[in-house]
There are 2 protein chains.
Amino acid sequence: MSAKRRPTMADVASLAGVSLSTVSLTYSGAGPISPDMRARVERAASELGYAGPSPQAQALRSGRSRVVGLVIHERLHFAFRDPFTLRVLDALIGDLGEMGQGVLLLPSPSEDSTEPNLLATASMDAAVLMRVRDHDEPALDILARRELPFAIVEGTAPGAAAITIPDRRATADLIRHLMELGHERIATVTLPRGGRKGTGIYEGELLAGALWTPTRNRLAAFEDAGIEPCVVIESGASMVEEGVAAGHLAFSHPSKPTAVVCQSDLLAGGVVLAARELGLSVPDDVSITGFDGLDLPWLQPLDLTTVPQDGAAKGHLIAQGVKALLDGDEPPVIELPLEIRVGNSTARAPQ
Amino acid sequence: MSAKRRPTMADVASLAGVSLSTVSLTYSGAGPISPDMRARVERAASELGYAGPSPQAQALRSGRSRVVGLVIHERLHFAFRDPFTLRVLDALIGDLGEMGQGVLLLPSPSEDSTEPNLLATASMDAAVLMRVRDHDEPALDILARRELPFAIVEGTAPGAAAITIPDRRATADLIRHLMELGHERIATVTLPRGGRKGTGIYEGELLAGALWTPTRNRLAAFEDAGIEPCVVIESGASMVEEGVAAGHLAFSHPSKPTAVVCQSDLLAGGVVLAARELGLSVPDDVSITGFDGLDLPWLQPLDLTTVPQDGAAKGHLIAQGVKALLDGDEPPVIELPLEIRVGNSTARAPQ
DNA sequence: ATCTCAGTTCGAAACGTTTCGACTTCTAGG
DNA sequence: CCTAGAAGTCGAAACGTTTCGAACTGAGAT
């Protein structure tokens with residue numbers, strides 16, 4: 001018995017007694033094919049166990065691989081831990097799937113190593129960056145060199161499709177809301193800044209070193225509101241555990257904050273837990289705000305003051321952006337609207 | 001000015017004044033290339049802005065696309081919501097990345113539609129199924145037709161690599177633990193069974209219709225323990241919200257269960273919240289068990305009686321299985337060990 | 001001066017499609 | 001009866017690599 005090769009279109013063609021092009025036309029759907037011809041080809045194919053055109057050959061010949069790369073910055077474990085991100089990706093991946101595009105997970109290229117990174121070598125038609133550094137983003141260089149079109153979520157770059165949110169303005173609204181309630185010592189818990197890992201107090205220039213755009217924008221909001229945070233705590237990831245640790249740091253800080261602005265609801269939830277552990281009442285002793293508008297059932301009856309985002313809408317918009325890229329259209333630049341929602345986690349500052 | 005084509009190896013070769021094969025050898029690392037030749041090629045490449053070998057051509061020629069497909073059954077939103085799954089995927093994706101393999105997210109093929117599914121058409125070297133139906137799994141047919149090697153997590157199929165857990169035995173241990181504490185009316189909250197969506201009471205034959213292997217195994221454990229659950233509640237996904245809804249159903253059921261066996265910690269967490277809302281004390285009024293051994297900070301000081309799993313270890317093992325598949329080795333079949341861990345969410349049944 | 005043998009480099013044949021223009025038929029209009 | 005055009009099918013040229021065996025170069029051995 002021969003080591004049987006996988007059948008190809010040529011095999012199907014010769015068994016069906018037609019030309020290779022005809023078989024190709026049958027599968028691709030392009031070109032006019034008579035019904036009986038189609039039947040003949042299909043019978044030959046199933047007789048041979050032909051599984052359809054080789055994707056790799058299709059990709060080479062047509063120049064499209066039907067794959068969109070998704071750059072993941074942290075360990076997946078962290079990146080996908082946030083239900084909001086998940087909702088965005090859910091919509092995005094669903095839409096891309098309907099467009100016949102698969103989604104390839106790509107670890108972010110580390111700046112230090114020159115080791116071959118998947119972003120540089122994997123076959124794809126476009127890429128989506130879920131976040132970007134304001135400067136010195138190695139992914140951008142790689143994409144530029146490969147001449148791959150790409151979309152950026154919460155960030156911008158020349159030539160890229162961009163989906164942004166006015167998070168700076170919304171955060172400033174949140175801070176003003178707290179100031180109107182009489183708060184003067186406001187702490188803030190940030191998302192990762194792009195540098196060191198792990199939760200801790202960040203000392204020094206407010207913005208310097210805040211590489212990730214969202215972290216940076218939401219910190220800059222303090223300037224807009226005309227107040228300085230009494231302590232800035234950087235979290236290692238958007239997770240409840242990190243929020244708990246950050247809360248303990250905040251509440252034991254000598255500046256005695258009466259309010260904590262958190263850059264995500266998950267962090268805010270953790271800060272609430274820390275407050276409770278320390279016997280502080282929310283919102284009577286301390287006001288806490290979040291971001292994203294998640295539904296956290298275990299926080300009930302507390303209802304966070306936060307900035308709700310529509311994750312699905314965001315995902316759909318990104319997909320739309322990718323579609324434009326794939327069609328060779330002008331890359332769209334879109335900003336989603338954002339308004340704060342006042343819950344019962346913020347109240348008048350204690351005397 | 002010409003519409004400038006992307007440069008190819010041939011362009012690099014002719015600019016460097018060497019043969020195409022030499023350039024290929026330079027990039028692939030195979031074959032002996034003298035240092036000055038390498039330098040010459042590299043200079044020519046950077047002069048042209050050559051971004052490296054085309055992945056699509058490489059894939060066609062070498063027959064390897066450096067992509068592993070990951071079949072997602074539900075909406076990503078649900079599938080990735082569970083921190084445990086995330087931890088598994090984190091390790092898996094990391095390991096595969098180190099092997100130079102990207103991970104392609106594939107929505108599960110729906111049995112009804114004959115529409116072209118990505119699993120059938122995407123280019124990949126192997127696939128991973130995170131779960132499988134005991135019978136009638138359309139994914140298996142597609143993979144067989146394509147002659148793609150694949151690994152199954154929590155399930156088996158002839159010819160496939162398999163990573164399983166003795167969840168049936170472990171669940172039986174959990175049930176026996178409850179019986180020893182005097183519980184006689186035990187409810188159970190299952191993961192999705194594979195059919196209808198949404199949380200609700202399931203009436204009828206215990207196992208019939210429980211298509212997903214894990215759901216089925218953990219239900220079958222009741223038979224092993226020699227007791228029948230007083231009510232079976234199927235959840236729509238492994239999520240806290242679903243657990244809350246399930247808890248309400250359980251505690252308002254006429255059979256008045258004194259214990260609830262939940263097929264995941266997230267569901268158990270939700271059931272605990274439901275109990276609290278109804279003024280029931282855990283574990284004094286009702287005992288609750290979980291599965292997976294997650295760290296749920298918001299549940300403190302409650303410490304679930306559960307069956308801890310090592311997500312990272314599982315992910316590493318899957319990667320190892322995939323590696324074997326890619327190397328053409330015998331597909332490994334591995335079972336991870338499992339032991340129950342008694343916390344303070346279970347206690348003597350109330351009088 | 002000839003032979004051998006590494007150490008390198010080169011030619012050419014795949015890999016399995018898509019696609020474009022050309023080539024048959026066949027139908028219908030004049 | 002002739003012919004324009006539509007419908008269906010076919011040939012052949014890419015797409016950009018990898019890879020195998022052959023060919024070329026000196027250096028040392030004879």
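In this text the structure is predicted, and so the values were computed from the model without any measurement. Just the heavy atoms: all of them, side chains too, but no hydrogens, waters or symmetry mates, feed the values below.
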Between [atom2] on [N] and [atom1] on [X], what's the gap in Å once rounded to a whole number?
X	N	atom1	atom2	value
A:Gln56	C:dT18	CD	P	13 Å
A:Arg38	D:dA7	CZ	C1'	14 Å
A:Tyr27	C:dT19	OH	P	17 Å

Item to check | Contact pattern, 5' to 3', of nucleotides 8-16 of chain D - B, S or - by protein heavy atom under 4.0 Å | outcome: BBBBBBBBB
Identify, with sequence neighbours excluded, every residue that meets salt bridge (charged side-chain N to carboxylate O under 4.0 Å, His left out) alongside [X].
X	value
B:Arg87	none
A:Asp11	A:Arg5
B:Asp327	B:Lys323
A:Arg81	A:Glu241

Acceptor/donor pairs from residues 150-157 of chain A side chains to any protein atom, 3.5 angstrom cut, sequence neighbours excluded:
| residue | atom | partner | partner atom | Å |
| --- | --- | --- | --- | --- |
| A:Glu154 | OE1 | A:Arg218 | NH2 | 3.4 |
| A:Glu154 | OE2 | A:Lys314 | NZ | 2.7 |

Item to check | ring pair (Phe, Tyr, Trp, His ring centres under 6.0 Å) contacts in which one or both residues fall within residues 40-71 of chain B, not counting sequence neighbours | outcome: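 Listed by first then second residue: B:Tyr27-B:Tyr50.
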Next on the checklist: How bent is the helix from C:dA1-D:dT30 to C:dG30-D:dC1, measuring the angle between the end axes built from five pairs each, rounded to 10°?
Outcome noted: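 Answer rounded to 10°: the end axes differ by 50°.
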Item to check | Results of ring-ring contact (aromatic ring centres under 6.0 Å, His included) for B:Phe84 - residues two or more places apart only | outcome: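 If we apply the ring-ring contact (aromatic ring centres under 6.0 Å, His included) test to B:Phe84, skipping adjacent residues, there are no hits.
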Item to check | Residues A:Thr22 and A:Ser19: side-chain donor-acceptor under 3.5 angstrom | outcome: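 Distance-only check passes for A:Thr22 and A:Ser19.
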